[in-house]
Amino acid sequence: MAQREDVRNVAIIAHVDHGKTTLVDGLLKEAGSFREGEVLTERAMDSNDLERERGITILSKCTSVTWNDIRINLVDTPGHADFGGEVERVLGMVDAVCLIVDANEGPMPQTRFVTMKAFELGLPAILVVNKIDRPRVEPDEAVDKVFDLFSSLGATDEQLDFPVIYASAKEGFAINQLTDERKGFRPLLDAIVDKVPPAPGDADAPLCMQCATLAYDDFLGYMAIGRVRSGSVKVGDRVMQALRDGGKREFRIQKVLGFQGLKRFELEQGRAGDIIALTGMSELNVGETITSITDPIVLPTLKVDAPTMVMEFRPNDSPFAGTEGKFVTSRNIRERLMREIKSNIALRVEETGEAGVFRVSGRGELHLSILIETMRREGFELCVSPPKVITKESEDGTLLEPWEDVTIELEDEYSGIVIEEMGRRLGTMNVMEPAGEGRTRLVYRMPARGLIGYRSQFLTATRGTGTISSQFAEYAPYGGSLKGRANGVLVALEQGQTSAYSLFTLQDRGTLFIGNAVKVYGGMIVGENARANDLIVNPNKAKALNNIRTHSHDEKLTLAPPRDMSLEIALEFINDDELVEVTPKSIRLRKKSLDHNVRKREDKAAAALA
């Protein structure tokens with residue numbers, strides 16, 4: 001097959017927080033993609049606000065650098081297992097992968113997942129052992145572990161003969177040997193040019209390009225981003241779009257865009273082997289093929305692993321609906337979800353029998369919470385149910401649920417509290433080993449539902465010094481009942497504004513979620529009860545005004561700080577009869593039925609059935 005000797009296509013893959021995006025920053029800088037004096041942003045490829053705040057990559061992104069007259073197309077991929085769908089589909093665009101491994105941690109669960117997907121496509125790997133500047137690291141031990149991982153995944157002899165580069169993305173160097181001078185990323189760029197196969201593709205064949213990811217621009221409309229498998233395409237060409245449902249649509253190419261550094265620029269034409277963006281189509285879904293009208297080549301649609309967790313999205317019907325957001329109706333929510341599944345192919349959306357309620361399934365709790373947070377920032381108001389795992393039945397009728405492999409690294413002093421909590425959440429410890437001075441590595445197999453909401457609790461338990469990561473393992477028999485929330489909640493009686501006088505008396509009943517002078521409504525959850533039952537309270541009661549002036553009457557009221565409920569903590573906290581109300585300005589907890597009398601009737605009916 002014909003090859004493009006001037007093009008190399010490579011994906012950067014790694015476990016979360018092993019330094020992919022920082023390394024791409026270094027490669028862009030080394031290759032001169034930033035002009036002199038340009039202000040450089042740390043983790044420049046993480047262009048999304050959520051990505052910057054959380055320090056993780058959520059969406060895969062393309063860029064390219066020119067090195068020794070060869071164009072290197074780089075694809076930065078997510079490292080978190082919940083966004084594995086992004087990784088699966090972009091690996092089809094490249095001819096090799098650059099696997100980044102932390103010199104201290106070695107291969108982690110997501111490392112195994114992304115490497116397995118790369119090997120299934122027959123891609124060779126370049127190993128980059130990152131963070132070698134840290135104290136007490138064992139780079140050679142990390143290389144040995146990667147070799148063992150490759151062997152266990154059934155790598156070919158060619159894949160096992162992988163080049164190794166040692167690097168520190170933060171300090172800005174890559175070296176071939178640990179004794180080499182530590183300056184710049186030239187050795188890594190040279191290794192990519194020498195070891196990555198030239199991009200295959202016949203520019204004279206009929207056009208064929210699969211949309212691996214898409215973007216939307218207010219001026220250009222939909223942009224199909226992918227690799228040209230064969231043929232060439234230029235502005236003004238009429239081409240055919242093979243739709244996901246088997247239909248066909250013709251359109252004219254408006255623009256052909258290439259990538260250089262952090263910018264897109266117009267190209268005269270894209271040829272086989274190039275990674276480009278095309279515009280001109282009226283509608284677009286990920287996985288669709290853009291091909292020649294006269295001699296079409298239609299590629300099979302992309303396949304990704306099935307989702308494991310489901311939630312219900314519904315319009316906000318509380319008394320405060322529409323006061324903080326722009327998009328509040330079920331039609332707005334439906335349009336937004338349908339737009340999301342065009343690009344987020346690991347997501348599933350179904351309409352339920354209940355009007356305005358949508359079942360949204362994803363790869364995990366983080367996958368779904370990122371979608372909710374994104375919609376919230378776009379101005380949506382909605383209510384969401386607690387996340388639930390998707391169960392199956394085996395051929396013999398056994399109930400199966402998703403189980404995950406969980407890897408934890410933490411300081412020795414915190415291991416006791418974490419081991420106790422993982423046991424309570426049905427985790428089975430498989431490995432406990434030292435992970436450097438004063439640190440321990442734990443490996444568990446546990447049900448996916450046991451992990452819901454635990455990440456934030458884990459960070460609190462380890463004082464922010466621990467790391468936890470998980471990877472879907474298999475569907476296995478149901479692990480048994482998981483102890484839920486032990487305490488009931490404090491439910492507001494009526495609409496109004498909280499007063500310090502009332503909250504001062506209520507804080508003896510449990511833990512409050514709200515402070516003074518906060519607007520509440522009947523059925524809203526304002527705190528956690530110290531006992532197991534739900535308690536209806538009035539946080540709005542003001543102090544009666546009278547003319548009595550005594551020392552005891554005028555005591556200063558001191559309120560304990562309310563518990564801060566983030567989206568993830570709120571999703572774990574709520575029970576089946578409760579919802580999280582999400583708006584651009586607030587996250588509130590509430591009962592599904594706001595009317596107390598209706599809830600009493602529902603409880604009586606449930607008790608009678610039991």
Side-chain angles (χ1 to χ4, degrees), residues 316 318-320 323-324 383-384 386 417 421 424 452-461 463-464 483-546 548-583 585-597 599-600 603:
N316 183 13
S318 80
F320 295 167
T323 58
E324 296 179 356
C383 290
V384 294
I417 189 171
E421 182 62 20
R424 192 186 72 77
I452 294 174
Y454 181 55
R455 293 177 200 280
S456 54
Q457 188 180 329
F458 170 82
L459 288 173
T460 304
R463 306 295 187 269
K483 188 179 178 184
R485 189 177 75 207
N487 297 356
V489 290
L490 304 176
V491 185
L493 172 68
E494 59 191 6
Q495 189 167 334
Q497 184 167 296
T498 59
S499 70
Y501 174 75
S502 183
L503 294 178
F504 182 73
T505 57
L506 286 179
Q507 65 186 5
D508 295 334
R509 297 294 188 99
T511 307
L512 296 177
F513 299 159
I514 55 170
N516 183 31
V518 175
K519 290 182 179 179
V520 297
Y521 54 81
M524 178 174 158
I525 297 172
V526 297
E528 183 177 16
N529 193 5
R531 298 186 178 181
N533 61 303
D534 290 350
L535 188 65
I536 297 172
V537 298
N538 183 7
N540 311 326
K541 187 169 64 174
K543 184 178 179 181
L545 299 176
N546 56 40
I548 298 174
R549 292 290 176 269
T550 67
H551 180 69
S552 61
H553 263 70
D554 297 324
E555 277 181 354
K556 183 180 178 183
L557 303 178
T558 306
L559 296 178
R563 187 195 297 177
D564 184 33
M565 299 295 279
S566 68
L567 179 59
E568 283 84 0
I569 294 172
L571 289 174
E572 186 211 9
F573 180 83
I574 58 174
N575 281 338
D576 291 345
D577 65 335
E578 296 160 0
L579 298 171
V580 178
E581 178 186 337
V582 181
T583 75
K585 296 180 182 176
S586 311
I587 292 176
R588 303 185 185 96
L589 281 67
R590 51 164 281 190
K591 290 289 186 181
K592 261 186 188 176
S593 301
L594 297 178
D595 190 305
H596 310 304
N597 297 317
R599 285 203 305 277
K600 278 183 185 175
D603 291 343

Within 6.0 angstrom of I417 CD1, more than 12 heavy atoms from elsewhere: no
Qualifying side-chain hydrogen bond (donor to acceptor under 3.5 Å, both in side chains) pairs with a residue from residues 496-512, counting only residues at least two apart or across chains: none
Candidates R588, E581, E324 - the one meeting side-chain hydrogen bond (donor to acceptor under 3.5 Å, both in side chains) with N316: E581
Side chains of P319 and L594 in contact at under 4.5 Å (non-hydrogen atoms): yes
Any side-chain heavy-atom pair of V491 and L535 under 4.5 Å: no
Distance (rounded to the nearest 0.5 Å) between E578 CD and C383 SG: 12.5 Å
Minimum-distance pair of heavy atoms, taken over all atoms of L512 and L506: CD2-CB, 4.4 Å
Beyond-backbone contact of R590 with V580, side-chain heavy atoms, under 4.5 angstrom: no
Backbone N/O of G488 and side chain of D534: donor-acceptor pair under 3.5 Å: no
Contact summary for L503 and I514, nearest pair of heavy atoms: CD1-O, 4.3 Å
Heavy-atom pair of closest approach, residues G515 and P562: N-CG, 4.0 Å
Within 6.0 Å of CZ in R531, more than 12 heavy atoms from elsewhere: no
Any donor-acceptor pair under 3.5 Å from R563 side chain to F513 backbone: no
Donor-acceptor pair, side chain of N538 and main chain of L493, under 3.5 angstrom: no
NZ/K592: more than 12 non-hydrogen atoms of other groups inside 6.0 Å: yes
Chi angles and distances behind the side-chain contact (heavy atoms from CB on, under 4.5 Å) call for F320, T583: CA-CA 10 Å; F320 295 167; T583 75; over 6 Å; no
K591 and its side-chain contact (heavy atoms from CB on, under 4.5 Å) partner, picked from N575, V489, L579: V489
Side chain to side chain, I452 and E568, heavy atoms closer than 4.5 Å: no
Validation row: L571, M565 side chains within 4.5 angstrom (heavy atoms): no
Nearest heavy atoms of A570 and I587, plus distance in Å: CB-CG2, 4.4 Å
Nearest atoms (heavy-atom pairs only) where M524 meets L589: CG-O, 3.5 Å
Interatomic distance, S593 atom OG to K600 atom NZ [nearest 0.5 angstrom]: 14.0 Å
Beyond-backbone contact of V520 with N540, side-chain heavy atoms, under 4.5 angstrom: yes
Heavy-atom check, side chain of E528 versus side chain of F573, under 4.5 Å: yes
